[in-house]
Amino acid sequence: MSWAYFEEFEPGRMDVFGSYHFERDEVIRFARAYDPQGFHLDDEAGLNSIFGRLAASGWHTTAGMMKCWSAHTFGLRSRRAEQGLALPEIGPSPGIEALEWPRPVYPGDTVTYSGEVLSKRLLASRPRWGLVSSRIVGVNQDSVKVLSFVSKLMVERRASGQVA
Amino acid sequence: MGELLHYEDFPAGEVVTYGAYEVTAEEITGFAAQYDPQPFHLDEEAGRASILGGLCASGWHVCAMLNRMNVDSYLVRSAGMGSFGLEEVKWLRPVFVGDTLSIRRSTVERRISARRPEMGIIKFHWQMLNQDHELKLDARGFNLFKVRGHG
């Protein structure tokens, strides 16, 4: 993932976005708002659940990913601006596919997120944009995968004749 | 509260609607500040200037709203075993301040796990609509439920 024009994305390119630490208080706060099931809120319920102990909501795992992606991507954008390079528009995402939570995230875990470009294609309906697909992965401090999905991002194409 | 919902309580083909989630600016910007600080999720002016047309919720926040409505509607009273994920999520239209969201849930298919006969796997299709019946989000995914009579 970079802040780059569609033409600059190459399949196989990998980027590490950063890490997110899942504090217990925040795990419970997030769950109370968006996933108030017992095993995300309460130690005893967690103990008796399939997770074995209190676990973070899977949507908290994805939120942590987005925090890291944003920080990383904005940093790349700033650096590109500092170098005096043209700034492409990176559009909102139309969606995601193949979202999996292979293993739980527990309070105290630190998850590191990264992305690898899978493919890219032009959009017949929108000639100014291309679509870049990447696999995003989150692994915890023990290298256990806790998140995986395929992201889709709209990226501006270089106007003809445009340099860098 | 009666007995918990199990796998058998979700017949294939069933369609139900639920939820009345009121979206506020405070909630949109609060989530965005913590998890998705793109300008159109933080600021009305930036939102208006963007392709999205106004201050709108992070797509990941919208997924969390879907989940909250699912929990309130059926997961909180289910013998649930979590989820192994979603096949796809489409963010079709932005969710704006003032939207009141509801979910239309269709049961696409279901089966009992061959390896773990105590676990039922249900595939749902969720559509998120606002008060004007605009389709905001379309998603397909799996919820796992205990099968009655097992463990």
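Just the heavy atoms: all of them, side chains too, but no hydrogens, waters or symmetry mates, feed the values below. Here is how names work: the chains are called A, B, and so on, in the same order as the sequence lines, proteins then strands, and each is numbered from 1.
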Who wins among [options] for the most heavy-atom pairs under 4.5 Å with chain A?
{"options": "B:L75, B:L92, B:V89", "value": "B:V89"}
{"options": "B:E88, B:Q34, B:K90, B:R140", "value": "B:Q34"}
{"options": "B:W91, B:F84, B:F40", "value": "B:W91"}

Given that the side chain runs from C-beta out, which part of [X] has a heavy atom under 4.5 Å from chain B: side chain, backbone, both or neither?
{"X": "A:R32", "value": "backbone"}
{"X": "A:I50", "value": "side chain"}
{"X": "A:A33", "value": "backbone"}
{"X": "A:S148", "value": "neither"}
{"X": "A:E89", "value": "neither"}

Using non-hydrogen atoms and a 4.5 Å limit, figure out which bit of [X] sits close to chain A: side chain, backbone, both or neither.
{"X": "B:S50", "value": "neither"}
{"X": "B:I51", "value": "side chain"}
{"X": "B:L66", "value": "neither"}
{"X": "B:F142", "value": "neither"}
{"X": "B:Q38", "value": "both"}

> Taking every heavy-atom pair that is under 4.5 Å apart, which of A:S70, A:P36, A:P92, A:A98 has the most such pairs with chain B?
Replying inline: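 Looking at each option in turn, the highest pair count goes to A:P36.
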>> Please identify, among A:E100, A:Q37, A:M65, the residue contributing the most non-hydrogen atom pairs under 4.5 Å to chain B.
In response: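 Highest number of heavy-atom pairs under 4.5 Å: A:Q37.
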Treating Ile, Leu, Val, Met, Phe, Trp and Tyr as nodes and any side-chain heavy-atom pair under 4.5 angstrom as an edge, say whether [X] and [Y] lie in one connected cluster.
{"X": "A:W101", "Y": "A:F39", "result": "no"}
{"X": "B:L135", "Y": "B:Y18", "result": "no"}
{"X": "A:W129", "Y": "A:V132", "result": "no"}
{"X": "A:M154", "Y": "A:I136", "result": "no"}
{"X": "B:F96", "Y": "B:V62", "result": "no"}

Is it true that, when you exclude [X] itself, more than 12 heavy atoms of the residues, nucleotides or ligands shown sit nearer than 6.0 Å to its [atom1]?
{"X": "B:E8", "atom1": "CD", "result": "yes"}
{"X": "B:E22", "atom1": "CD", "result": "no"}
{"X": "B:E14", "atom1": "CD", "result": "yes"}

> For the atom pair CE (A:M66) and NE2 (B:H61), what is the distance rounded to the nearest 0.5 Å?
Replying inline: 13.5 Å
> If you measure from CG on B:N70 to OH on A:Y34, what distance do you get to the nearest 0.5 Å?
Replying inline: 14.5 Å
Of all heavy-atom pairs between [X] and [Y], which one has the smallest distance, and what is that distance?
{"X": "A:W59", "Y": "B:C63", "value": "CZ3-CB, 3.3 Å"}
{"X": "B:A33", "Y": "A:K67", "value": "O-NZ, 4.1 Å"}
{"X": "A:A63", "Y": "B:F31", "value": "CB-CZ, 4.1 Å"}

> What orientation do A:Y20 and B:Y35 show, parallel under 30°, tilted 30 to 60°, or perpendicular over 60°?
Replying inline: tilted
> Does the pair B:W60 and A:F149 meet the rule for a ring pair (Phe, Tyr, Trp, His ring centres under 6.0 Å), with working shown?
Replying inline: CA-CA 13 Å; B:W60 297 104; A:F149 68 93; 5.2 Å; yes
> Less than 4.5 Å apart, any side-chain heavy atom of B:D36 and any of A:W69?
Replying inline: no
